[in-house]
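As structure tokens, the structure follows; a few thoughts come after it.
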Protein chains: 2
Amino acid sequence: MRAPGKTFQVLPGGRAADAYDLQEQVGFILRKANQRHLSIFAARISDLTPPQFAALAKLHEVGATSQNQLGQMVAMDAATIKGVIDRLKARGLVELEPHGKDRRRLVVSLSEKGRELVEALLPEALEVTEETLAPLTPRETATFLRLLTKLAEG
Amino acid sequence: MRAPGKTFQVLPGGRAADAYDLQEQVGFILRKANQRHLSIFAARISDLTPPQFAALAKLHEVGATSQNQLGQMVAMDAATIKGVIDRLKARGLVELEPHGKDRRRLVVSLSEKGRELVEALLPEALEVTEETLAPLTPRETATFLRLLTKLAEG
DNA sequence: GGCGTATCATTTGTACACGAATGAATTTGG
DNA sequence: CCAAATTCATTCGTGTACAAATGATACGCC
């Protein structure tokens, strides 16, 4: 029988070494936490993925920007944001036009339809956050978000 | 100027409502934390992805199992684990054989080469965890892992 | 003013991730 | 004991993710 919590393994030599327990590695637990969040999101906001919603919400917040700039703001590289924008454009939620001064750039903006959708979904999005954090008390939530942010920002 | 920390927005009616700040939503920060971890992992263990390593490490821990069972243990659905196993098999790191009693099942096991690779990488994997958690003090780390686990498990 | 460097968007290739559908095999309940 | 429900693996389709390569454009600095 092994005790619960942190486990150790006694090696042949008699030394005790940290056992590698996958279930205890941050990376693994982060992935599972993400999975749970994704599933909560999908249950409440079925017609948009989190990256798509993030892009729309950010556009709503800052107004028109170039594709790459938007990507930076929502933490997606150029290739990823392109795919997201393409799919939003195909659904008529965003509009693209060339930048006036810089001919390399593509300016993305919310369409009327996109603006209405984001605004309708903002309250739902807040509930997704709430439901995700539901297992924690308010105090724990504050601590958790502080530490998670520290971790995310390195 | 907006004050740092939790922000509020004054709506036309004069009511104050929670503003939706993408950068404060758990889902978004979780995604960024994951990105940082992924990049640390890739820098140290370049020839295996985290899902691939997770599958190998779990196999090393529990021995041969069926594909789906392994998938459950590493939190991947049937379609996902299949792809991971296929790629590991193509590299000769795992072996597949039909289950003796249940003809639906496919038993996966570590090859000799796979076993050697996992064992060589286990210390590296621990360092990935350490480096990921480096922004936190030991005390914060303990708290964080406790809360993250609570969140991941719902 | 022009050349080297940087930036923007795009494309290609690989690897998760999951819902849904399928078919084969096993288990269960009446 | 056998029909219904379940499980296992596979496939298909869609949507991130990111590295690397490419071409067009803009910018820095001499």
Side-chain angles (χ1 to χ4, degrees), chain A residues 27-28 30-43 45-56 65-91 93-94 96-108, chain B residues 27-28 30-43 45-56 65-91 93-94 96-108:
Chain A
F28 187 73
L30 273 175
R31 196 167 126 265
K32 289 212 299 177
N34 231 345
Q35 283 176 352
R36 176 161 167 273
H37 173 258
L38 271 273
S39 124
I40 291 170
F41 190 102
I45 303 184
S46 57
D47 58 349
L48 233 41
T49 65
Q52 288 168 4
F53 181 76
L56 292 181
T65 18
S66 81
Q67 214 176 246
N68 273 11
Q69 275 171 0
L70 181 60
Q72 284 217 330
M73 292 188 274
V74 294
M76 298 177 206
D77 73 4
T80 301
I81 191 69
K82 182 183 194 311
V84 173
I85 293 299
D86 280 355
R87 286 179 285 273
L88 292 175
K89 179 176 163 51
R91 291 176 53 184
L93 299 173
V94 300
L96 296 179
E97 47 176 348
H99 188 279
K101 304 279 173 63
D102 188 337
R103 289 189 306 184
R104 292 168 307 179
R105 294 194 194 185
L106 212 47
V107 176
V108 194
Chain B
F28 186 73
L30 273 175
R31 195 166 128 265
K32 289 212 299 177
N34 231 347
Q35 283 177 354
R36 175 161 169 274
H37 174 257
L38 271 272
S39 123
I40 291 169
F41 190 103
I45 303 184
S46 56
D47 58 349
L48 235 41
T49 65
Q52 288 168 5
F53 181 75
L56 292 182
T65 18
S66 81
Q67 215 176 247
N68 274 10
Q69 274 172 0
L70 181 60
Q72 284 217 332
M73 292 188 272
V74 293
M76 298 178 207
D77 72 3
T80 300
I81 192 69
K82 182 183 193 312
V84 173
I85 294 298
D86 279 355
R87 285 179 285 274
L88 292 175
K89 179 177 162 49
R91 291 176 54 184
L93 299 173
V94 300
L96 296 180
E97 47 176 347
H99 188 279
K101 303 281 173 62
D102 188 338
R103 289 189 304 182
R104 291 167 306 177
R105 294 194 194 185
L106 212 47
V107 175
V108 194

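The structure displayed is predicted, hence computed values, not measured ones. Letters A, B, ... mirror the listed sequences (proteins, then strands); counts begin at 1.
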Verdict with reasoning, A:L106 to A:H99, per side-chain contact (heavy atoms from CB on, under 4.5 Å): CA-CA 6 Å; A:L106 212 47; A:H99 188 279; over 6 Å; no

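A donor-acceptor contact under 3.5 angstrom links the side-chain atoms of A:R104 to the base of C:dT7. The base of D:dT25 has none of its N or O atoms less than 3.5 Å from a complementary donor or acceptor on the side chain of A:R103.
In terms of position on DNA chain C, the residue among A:K82 and A:Q35 whose nearest nucleotide sits closer to the 5' end is A:K82.
Listed for the B:Q35 side chain is no donor-acceptor partner under 3.5 Å among the backbone atoms of A:M76. B:Q72 places no side-chain N or O within donor-acceptor distance of the main-chain N or O of B:Q69, the cut-off being under 3.5 Å.
Checking D:dA26, D:dT16, C:dA15 against the side-chain heavy atoms of B:T49 singles out C:dA15 as nearest. Candidate nucleotides D:dA9, C:dC18, D:dA19 were compared by shortest atom distance to the side chain of B:A79, and C:dC18 ranks first. Comparing C:dC18, D:dT16, C:dA25 against the side chain of B:D102 picks out C:dA25 as the nearest. Minimum atom distance to the side chain of A:Q52 is reached by D:dG15, of the listed D:dT11, D:dG15, C:dA9.
For B:R31, a side-chain nitrogen or oxygen approaches OP1 or OP2 of D:dA17 to under 4.0 Å. For the OP1/OP2 pair of D:dT10 and a distance below 4.0 Å, the side-chain nitrogens and oxygens of B:Q67 include at least one atom meeting the criterion.
The separation between B:H99 atom NE2 and C:dA24 atom C1' is 16 Å, rounded to whole Å. Taking atom CG of residue B:D47 and atom P of nucleotide C:dA15, one finds them 12 Å apart after rounding to whole Å. We find that NZ of B:K101 is positioned 16 Å from P of D:dC8, with the value rounded to whole Å. Rounding to whole angstrom units, CD1 of residue A:I81 and C1' of C:dC8 are separated by 14 Å. Atom CD in B:Q72 sits roughly 11 Å away from atom C1' in D:dC8 (whole-Å rounding). Atoms CE (B:M76) and P (D:dA9) sit 15 Å apart, rounded to a whole Å. Whole-Å rounding puts the B:L88 CG to C:dC16 C1' distance at 13 Å. Rounded to whole Å, the distance from NZ on B:K32 to P on D:dC18 is 12 Å.
Nucleic acid contact class of B:D77 (heavy atoms, under 4.0 Å, all strands): base. Across all strands, B:S66 comes closer than 4.0 Å only to sugar-phosphate atoms, never to a base (heavy-atom distances). Contacts of B:T80 with the nucleic acid, taken as non-hydrogen atoms under 4.0 Å apart, include base atoms.
Between B:I85 and B:L96, some side-chain heavy-atom pair lies under the 4.5 Å cut-off.
Residues B:D102 and B:R105 are paired through a salt bridge, judged by an N-O separation under 4.0 Å between the basic side chain and the carboxylate.
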